[in-house]
Structure formats: C-alpha cells, structure tokens
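Below: one structure, written as structure tokens.
All residue numbers in this chain count up from 1 along the given sequence. These numbers were taken from a predicted model, which means no experiment stands behind them.
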Amino acid sequence: MKAGLVNLTGDDRAIILGALLWIADKLKSGQHEQARALWAAKGKQAFEADPGDTQGTDRNGGGGGKTRVELRVQVTDGVS
C-alpha cells in the first residue's frame, strides 16, 4: 500500500518534512485527540480497501497480523 507522497510532492523532501512536522505539532496541540481519531479512521479505511496488504490494523491487539510501516527522513543542508 502506497500513499504516493513522493509523486504528489514531486519528491520534495522539504514538503514531506514540513508535513511530518505539522503532524507532530497537531499531536502536541489541544486538537491531538481529533487528529488521532481522524488519521486512525483514514488508515483503517486504507487497510480495509487493500486487505491483502495486511491482516491487522491495530498495534494494540485489535488485529491478527503485523503491519510494519517504515519512514525514513533524511535532512540535509540544502533544500530540494
């Protein structure tokens, strides 16, 4: 399952990093509960739309399978 972020952002690492920082800010804000609920619902919908990609959606015991999502962000001196 891919979200297509590289294509949607033109592989612009500054945009991707900025989005991740925005996510972190939301999670630190007073809106963290709403953000978590929204993003969890979106993620579960994506898992359900592609059931062959994963068997479980909840790291806390709600799903039967394991899902590993790896995200690497490399920050360099220049902005791409």
Side-chain angles (χ1 to χ4, degrees):
M1 175 179 325
K2 296 182 181 180
L5 289 176
V6 171
N7 291 335
L8 291 169
T9 62
D11 199 15
D12 187 324
R13 292 181 183 104
I15 293 173
I16 296 169
L17 178 58
L20 292 172
L21 293 172
W22 177 78
I23 291 169
D25 286 343
K26 274 289 191 196
L27 293 173
K28 293 175 190 174
S29 77
Q31 298 176 341
H32 67 278
E33 290 181 19
Q34 297 90 339
R36 288 178 59 94
L38 173 66
W39 296 332
K42 288 260 195 214
K44 287 178 183 180
Q45 287 174 352
F47 283 131
E48 290 168 0
D50 191 1
D53 199 38
T54 183
Q55 294 176 349
T57 60
D58 187 349
R59 289 183 12 188
N60 299 317
K66 293 183 180 179
T67 300
R68 180 177 178 184
V69 176
E70 185 173 332
L71 176 64
R72 295 181 188 182
V73 176
Q74 180 178 357
V75 179
T76 61
D77 291 353
V79 176
S80 61

Out of curiosity, does [Y] fall in the hydrophobic cluster containing [X] (side-chain heavy atoms, cut-off under 4.5 Å, transitive links)?
| X | Y | answer |
| --- | --- | --- |
| L38 | L5 | no |
| W22 | I15 | no |
| W39 | I16 | yes |

- Among Q31, Q34, H32, whose side-chain hydrogen bond (donor to acceptor under 3.5 Å, both in side chains) with K26 holds?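 Single side-chain hydrogen bond (donor to acceptor under 3.5 Å, both in side chains) partner of K26 among Q31, Q34, H32: Q31.
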- Distance in Å, L17 CG paired with L21 CG, rounded so as to fall on 0.5 Å steps: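 So the gap between those two atoms works out to 4.5 Å.
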